[in-house]
Amino acid sequence: MAKPPTVIGVLTEHPAPTWLTANRHKIFGIGGLLIGYLIGTHLHGAPQQQQGPVTPAPVTSGAHRTPTAHIAA
């Protein structure tokens, strides 16, 4: 005849998780999105150097222009 199984320990239910344990994935997700937003909006490359206003070249009269050669076909 076989011996009956021996009871080694008593199984108990796990305690109910705390609010933080149950919702930590939400907290880390929202925190990660917030940190990513702040990094994306505040840490960007160096700003472009702004040039001064562009002044147009002075207009010269036709007498001072260099004549252009016309090629006869």
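Keep in mind that this is a model prediction, so the values were computed, not measured.
With hydrogens and angles ignored, the 3.5 Å screen pairs a side-chain donor or acceptor of Thr41 with a backbone N or O of Tyr37.
Partners of Ile27 under the side chain to side chain contact (heavy atoms under 4.5 Å, CB included) rule, at least two apart in sequence or in another chain, are Trp19, Leu20.
Within the model, atoms CD1 of Ile35 and CD1 of Ile30 stand 12.0 Å from one another, a figure rounded to the nearest 0.5 Å.
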